[in-house]
Asks: 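Okay, here's the structure, questions in a sec.
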Amino acid sequence: MLIATFNINGVKARLESLVSWLKDANPDVCCLQEIKSQDEAFPKQPLEDIGYNVVTHGQKGFNGVAILSKRPLEEVKRGLPGDDADVQSRYLEAVIPLKKGVVRVAAIYLPNGNPPETEKYTYKLAWMDRLCLHARGLLELEEPLVIAGDYNVIPTPDDAKRPEAWVNDALFLPRTRERFRTLVHTGFIDAVRLTHCGKGPFTFWDYQAGAWRRDDGIRIDHILLSSQAADLLVATRVDKYVRGQDKASDHVPVLVELRE
DNA sequence: ATGCCGGGCGAAGCCCGA
């Protein structure tokens, strides 16, 4: 059971390369972020044609998440609970059958939060508090749970090529990292960090200033596993090569393999 | 350098991302 997360940075602009990568990697489940599409405009058909069921939670122009799955998607829930006034599409959850039992998968696009002295950062911190509260409830189900997505959090200095460049950034400020730790300590395993020591692996390289050429990346796309999911963990992978392709997203896919 | 690149929107130039 291969589960992926990929911030696609516009699904319509990236459809061809997304389909190409899906055919190569062949994940059973793929969480997408920044689809930048309303639900009715999402290009479902090309993805259904290669074997995926598709659920989306989009909005016009920005944000938006989706889950692709070769298996049925059940108990689909759109939106992060805890703030009825929040109109941004950043959370989508579904239950997917395993050979035995199920896995619950949540696709998240956590707010960027820059610049930090504005309400954008307040919104980010509040969103993280809501995610932590919701995740705590999901953990009580005591089932395999995977929360995958663009967390917009650099958890530690090892997660950036040049951590000193990020010290005043919403992705790396102490209050951001503190909330990420709180979430993890609620009862999750950071799957990629469990399986990689030292610097990286990075999942994002800015389009600007030759960041990709200089390998000046950060690790902000994460897959958190409940203990029941972590018990099934076989391997993790970051498909870095995708960043070097023409018209690439600024993020690359991150994957976990779970045994069944 | 409150920029550099790139997508969306909508039809030029601004908003947003990280």
Side-chain angles (χ1 to χ4, degrees), chain A residues 5-19 21 31-43 56-66 86-91 107-125 127-128 131 148-177 179-180 192 199-222 238 240 242-254:
Chain A
T5 179
F6 190 5
N7 180 321
I8 197 66
N9 188 20
V11 71
K12 289 169 227 167
R14 217 77 62 196
L15 184 60
E16 200 176 327
S17 54
L18 173 62
V19 167
W21 175 76
C31 301
L32 296 175
Q33 302 85 35
E34 280 204 271
I35 61 173
K36 299 187 178 179
S37 170
Q38 296 180 102
D39 294 332
E40 55 272 29
F42 189 94
T56 63
H57 181 44
Q59 66 181 94
K60 193 180 177 71
F62 304 100
N63 305 325
V65 286
D86 184 2
V87 295
Q88 299 189 34
S89 297
R90 298 178 173 276
Y91 183 93
I108 73 162
Y109 177 47
L110 206 149
N112 173 302
N114 280 305
E117 65 281 5
T118 66
E119 69 289 338
K120 292 190 175 187
Y121 192 53
T122 311
Y123 173 66
K124 176 179 192 150
L125 295 179
W127 205 94
M128 294 183 84
L131 178 63
D150 178 358
Y151 281 72
N152 271 315
V153 175
I154 302 168
T156 75
D158 270 349
D159 299 307
K161 173 76 171 289
R162 295 182 304 120
E164 67 278 9
W166 298 93
V167 289
N168 294 316
D169 193 284
L171 279 62
F172 194 54
L173 283 171
R175 283 190 288 169
T176 304
R177 296 163 59 189
R179 277 167 177 78
F180 184 78
V192 169
K199 279 278 180 192
F202 305 134
T203 67
F204 169 90
W205 296 260
D206 203 298
Y207 288 120
Q208 306 179 67
W212 168 246
R213 179 174 45 77
R214 296 183 289 113
D215 194 27
D216 184 6
I218 51 179
R219 191 175 76 92
I220 56 174
D221 299 272
H222 307 299
V238 176
K240 182 176 178 178
V242 171
R243 185 63 179 83
Q245 297 178 332
D246 286 344
K247 297 270 289 174
S249 169
D250 38 8
H251 297 249
V252 297
V254 180

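Every chain is numbered from 1 and lettered A, B, ... according to where its sequence line falls, protein lines coming before strand lines.
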Asks: Do A:Asp86 and A:Tyr91 have side-chain atoms, one donor and one acceptor, less than 3.5 Å apart?
Replies: no
Asks: When rounded to the nearest Å, what value does the distance between P atoms of B:dC9 and B:dG3 take?
Replies: 22 Å
Asks: Rounded off to whole Å, could you give me the CG-to-P distance for the A:Leu110 and B:dG17 pair?
Replies: 12 Å
Asks: Checking A:Asp216 against A:Trp205: is there a side-chain donor and acceptor pair closer than 3.5 Å?
Replies: no
Asks: Ignoring hydrogens and geometry, is there a side-chain-to-backbone donor-acceptor pair from A:Lys199 to A:Ala160 under 3.5 Å?
Replies: yes
Asks: Show me, pair by pair, the donor-acceptor contacts under 3.5 angstrom made by side chains of residues 57-65 of chain A, not counting sequence neighbours?
Replies:
| unit_1 | atom_1 | unit_2 | atom_2 | d |
| --- | --- | --- | --- | --- |
| A:Gln59 | OE1 | A:Asn63 | ND2 | 3.2 |
| A:Gln59 | OE1 | A:Ser89 | N | 2.7 |
| A:Asn63 | OD1 | A:Arg90 | NH2 | 3.3 |
| A:Asn63 | ND2 | A:Gln88 | OE1 | 3.3 |

Asks: Let me know the distance between CD of A:Gln33 and P of B:dA18, rounded to the nearest Å.
Replies: 10 Å
Asks: Rounding to an integer number of angstrom, what distance separates B:dA18 and B:dG8 when you compare their P atoms?
Replies: 14 Å
Asks: Does B:dG17 have OP1 or OP2 sitting under 4.0 Å from an N or O in the side chain of A:His251?
Replies: no
Asks: A:Thr203 side chain to A:His251 main-chain N or O, any donor-acceptor pair under 3.5 Å?
Replies: no
Asks: Taking CZ from A:Arg177 and C1' from B:dA18, how many angstroms apart are they, rounded to a whole number?
Replies: 16 Å
Asks: For the pair made of CG in A:Asn63 and P in B:dC9, what is the distance, rounded to whole Å?
Replies: 12 Å
Asks: Taking the side chain from A:His222 and the backbone from A:Val153, do they hold a donor-acceptor pair closer than 3.5 Å?
Replies: yes
Asks: A quick test of your reading: do over 12 heavy atoms of other residues, nucleotides or ligands sit less than 6.0 Å from CD of A:Gln245?
Replies: yes
Asks: Counting any heavy atom closer than 4.0 Å, what does A:Tyr109 reach on the DNA or RNA strands: base, sugar-phosphate only, or nothing?
Replies: sugar-phosphate
Asks: What interatomic distance, in whole Å, is found between P of B:dT2 and the corresponding atom of B:dG13?
Replies: 23 Å
Asks: Roughly how many Å apart are B:dA1 and B:dA12, using the P atom of each and rounding to a whole number?
Replies: 30 Å
Asks: Check this for me: A:Arg214, atom CZ, are more than 12 non-hydrogen atoms of other residues, nucleotides or ligands nearer than 6.0 Å?
Replies: yes
Asks: Go through residues 150-165 of chain A and report each residue with a non-hydrogen atom lying under 4.0 Å from DNA chain B, sorted by number.
Replies: A:Asp150, A:Asn152
Asks: Check this for me: A:Asp158, atom CG, are more than 12 non-hydrogen atoms of other residues, nucleotides or ligands nearer than 6.0 Å?
Replies: yes
Asks: Decide whether A:Thr176 and A:Tyr121 meet the rule of one side-chain donor and one side-chain acceptor closer than 3.5 Å.
Replies: yes
Asks: Can you tell me how far C1' of B:dG17 sits from OH of A:Tyr123, to the nearest Å?
Replies: 14 Å
Asks: Write down the distance separating the P atoms in B:dA11 and B:dC15, rounded off to the nearest Å.
Replies: 15 Å
Asks: Applying a 4.0 Å non-hydrogen cut-off, can you work out what A:Asn7 is touching in the nucleic acid: base, sugar-phosphate, or nothing?
Replies: sugar-phosphate
Asks: Can you tell me how far P in B:dG10 sits from the matching atom in B:dG6, rounded to whole Å?
Replies: 23 Å
Asks: Just to be sure I understand the rule, does A:Lys120 reach a base, reach only the sugar-phosphate, or reach nothing, if contact means heavy atoms closer than 4.0 Å?
Replies: sugar-phosphate
Asks: In the 5'-to-3' direction, what one-character label does each nucleotide of nucleotides 2-8 of chain B receive under the scheme B = base within less than 4.0 Å of a protein heavy atom, S = sugar-phosphate only, - = no such atom?
Replies: --BBSBS
